[in-house]
Amino acid sequence: MRLGVGDPAPQLRALAEGEREVSLASWWVDSPLVAIFLRHFG
Amino acid sequence: MQKHAGAFAQRGVRLVAIGQGTGAEATAMAEKLSLEFPCLGDPQHEGYRALGLGSSSWWGLTAAPFLEDPKTAFRNLRQADLVASASPRSDVKQLGGVLIVGRGGKVAYLYRSATTTDLPETAELLAAADGLVA
């Protein structure tokens, strides 16, 4: 099933400085979150 | 997006960029570009898969941008950091996208880029954000 508007957001994890794992779910508790997925770091 | 970071902050909306590399690579890019919002790494591309973000064809990656809009394509090539783009964790065919999640944890907006240069207008993202904080 493809993710769509109105669906629960997936449990997204990513790496911060020091390769510390961050759960983005904690970022949208207090405020909406805009996550931009880049093609590359260049 | 950097120049619009303040507009999102004024609305009480958090902004984050996620790339296909390590945390160190994400941090290096954020420092290099003096980003005012966090940048994180997704070296296993888990987020890209979870969102169903697409993959470009080789044609779309190489020739098509120069045939469709040569001026923009050459400018993008000139500005690109080819060393950073060549990270071993980076799939050059990977397309990007934008996810907006409301406070309740539900997807409020999802944009999947159709081509390498396809991104939503900032005004569209701000409008979606306005709907969540109104």
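Values below: all heavy atoms of this structure, side chains included; hydrogens, waters and symmetry mates excluded. Note that this is a predicted model, so its numbers are computed, not measured.
- For chain A, the option among B:Leu99, B:Leu119, B:Val101, B:Leu125 with the highest count of heavy-atom pairs below 4.5 Å is B:Val101.
- B:Thr116 touches chain A through backbone and side chain together, each having a heavy atom under 4.5 Å away.
- Put simply, of B:Leu33, B:Leu53, B:Val98, the one with the most heavy-atom pairs under 4.5 Å next to chain A is B:Val98.
- Contacts between B:Pro120 and chain A at a heavy-atom distance below 4.5 Å are absent for every atom of the residue.
- Looking at B:Ala108, only its backbone comes within 4.5 Å of chain A, counting heavy atoms on both sides.
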Under 3.5 Å, sequence neighbours excluded: what are the donor-acceptor pairs made by side chains of residues 6-19 of chain A?
unit_1	atom_1	unit_2	atom_2	d
A:Asp7	OD2	A:Gly4	N	2.7
A:Arg13	NH2	B:Glu46	OE1	2.9
A:Glu19	OE1	B:Gly23	N	2.8
A:Glu19	OE2	B:Gly23	N	3.3
A:Glu19	OE2	B:Ala24	N	2.8

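- Residue pairs meeting the side chain to side chain donor-acceptor pair (under 3.5 Å) criterion with at least one partner in residues 92-113 of chain B, sequence neighbours excluded, are B:Tyr109-B:Glu124, B:Tyr111-B:Asp118.
- Contacts of B:Leu51 with chain A are made by both backbone and side-chain atoms, with heavy-atom separations under 4.5 Å.
- Contact of A:Val5 with chain B is made through backbone and side chain together, with heavy-atom distances under 4.5 Å.
- Residues B:Leu15 and B:Leu132 fall within the same hydrophobic cluster, defined by Ile, Leu, Val, Met, Phe, Trp and Tyr side chains chained together at heavy-atom separations under 4.5 Å.
- Looking at heavy atoms from C-beta onward, A:Leu24 lies in side-chain contact with B:Leu40 at the 4.5 angstrom threshold.
- Listed here is the closest heavy atom pair of B:Phe37 and B:Ala5: CD2-CB, 3.9 Å.
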